[in-house]
2 protein chains.
Amino acid sequence: MLRTELANQGAAPKIARPVPLRESVFEALLELILTGHLKPGQHLAESELAGLLGVSRQPIREALQLLSGEGWVDLHPGHGAFVHAPTVEEADQLLAVRTLLETESAKLAARHSTPDGVQRLRALCVRGLAAVDADDVDTSVAINSELHAAITELSGNKVLAELASLVSRRVRWYHTPVARKRGRDSWSEHAELVDAIAAADEDRAAEIMRKHTEHTRDSYLEQREAEPIESAPEPTRRRRPRSPK
Amino acid sequence: MLRTELANQGAAPKIARPVPLRESVFEALLELILTGHLKPGQHLAESELAGLLGVSRQPIREALQLLSGEGWVDLHPGHGAFVHAPTVEEADQLLAVRTLLETESAKLAARHSTPDGVQRLRALCVRGLAAVDADDVDTSVAINSELHAAITELSGNKVLAELASLVSRRVRWYHTPVARKRGRDSWSEHAELVDAIAAADEDRAAEIMRKHTEHTRDSYLEQREAEPIESAPEPTRRRRPRSPK
DNA sequence: TTCTCGTAGACCGCCTACAGCATACAGTTG
DNA sequence: CAACTGTATGCTGTAGGCGGTCTACGAGAA
């Protein structure tokens, strides 16, 4: 994983707005966190990451700040960065907030629904079902995210869409394996949801979305004990300060 | 405004965890933005700010990243940082999201209300009313924020509280002068709200909060034309790239 | 006059270097 | 054997500097 490799991720040899290194680093580190190569609670030494990615500490620092802003890592001044270690309590709260934001989005999407927008949603539903039929879990999860993002965008409230997107990304960290369990159910709920949006039935859309996200939550809670998130062992080189408060 | 001045803002001569310069810079820049010394749309040259605050460019860069994460400035790769220029559309959306988050917080706060927590809220109401009686608008606004923060914390959902806090801070940028208009009304609504929370009446608390935030919104909308936010004139040294997508 | 092109200046993104603090460990003392 | 202290090492936070790019501006051509 060399520097050139990182910098050229944009494909085009010359881009009008060159993608700053920090964004490539951001993506790379997030990938490492989501795939579990960097475990929750683990201390992230800047020099180490710099060596690993073949860049200097500077872009690493900036990427860590960005990651901190989205809640992926915790920054403890003077102690460095640590991969955020989600607690079960926090996961519950995130899921609750997600339900709140997505429900409102669905309501607004129904209020402002357009034939064009509905058609986009239906297309995503088709692709999602196809992925489930093909047992392609990863694609199914990806399209699921796309669908939810499309609904929040259809709501017309960009601020709401941004927050929902943020929270959803965090949630996905916890419950990706859930999709394996309830793939088909999830997509039939999606179809109903889109129908409600197409009919501009705000209350029904909101209600379906609320139930939908709560189903997802329940599935997550069920299998939480089955496959708990693995954390880094406590003495991970550098300890985080007690009661950071 | 020298470096020593910035670094020693923590008051105590020796702090266990030395506050990194970037956080002091963050506060300083945010203050400059909120007070209008840095106008919306204005280009923020790193060297200039570094000279102004008496630090090197590094902490400035990191502070700008943090500010970007909270939506106060926009970072355009290769073009630098610009003070975020809020549109009326965005303000409306922020206010709508605030209503959503605060309403849910009030509902949860009523559900989880404790005598101890309610007492804290009442104390804040008393102080707030006192500030209004003394015509101390700044203090009134500050305590208003404290009260809302206390309610979101009482909800027991930290994720929700954090988001609500973030959105509220953004909102306050737009409507601080609103408080001047409807100070007393606002605090009588607060009192009702706390009563509902004390009575553990979820629906009533939610409804009061919804109306309360919408009143605030209406007041803001009314005086928006009266005192529009002043922006920096277009040619502010460096232009931001056209249509960043 | 208006458009194009070339040049100069300014600024950003990144790298390297250094000072200071935090942690770990070994030696010492009770 | 346990607790404490001094020292060494690693890491963070900040400074300063370099190369490349973008903007602004003036000269020349249509």
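Given the structure is predicted, the values throughout are model-derived calculations rather than measurements. Sequence lines set the chain letters: A, B, ... in the order given, protein chains first and strands last, and positions in each chain run from 1.
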Between C1' of D/dG13 and CZ of B/F26, the distance in whole Å: 18 Å
Expressed in angstrom and rounded to an integer, what is the separation of A/R22 atom CZ from C/dC12 atom P? 12 Å
Of all pairs that satisfy ring pair (Phe, Tyr, Trp, His ring centres under 6.0 Å), the ones with a partner from residues 146-169 of chain A, not counting sequence neighbours: A/H148-A/H190, A/H148-A/H212
Considering residues, nucleotides and ligands other than A/E90, do more than 12 of their heavy atoms fall under 6.0 Å from its CD? yes
Separation of D/dC22 atom P from B/F82 atom CZ, nearest Å, is 13 Å
Here the salt bridge (Lys or Arg N to Asp or Glu O under 4.0 Å) pairs for residues 69-83 of chain B, sequence neighbours left out, are B/E70-B/R169
Would you kindly give the CD-to-C1' distance between B/E46 and D/dT21, to the nearest whole Å? 14 Å
Within residues 56-68 of chain B, those residues having any heavy atom closer than 4.0 Å to DNA chain C are B/R57, B/R61
Rounded to whole angstrom units, what separation is found between the CG atom of B/L53 and the C1' atom of D/dA15? 15 Å
Any B/H79 side-chain N or O less than 4.0 Å from OP1/OP2 of D/dT23: yes
A/M209 side chain near A/T213 side chain, heavy-atom distance below 4.5 Å: yes
Close side-chain approach of A/H37 to A/Q42, heavy-atom, < 4.5 Å: no
The nucleotide from C/dC15, D/dC22, D/dC11 with an atom nearest the side chain of A/L21 is C/dC15
Below 4.0 Å: OP1/OP2 of D/dT12 and any side-chain N or O of A/H43: yes
Measure the distance from CG on A/L44 to P on D/dG13 and round it to the nearest whole Å. 13 Å
Any sub-3.5 Å donor-acceptor pair from A/S165's side-chain atoms to A/A161's backbone N or O? no
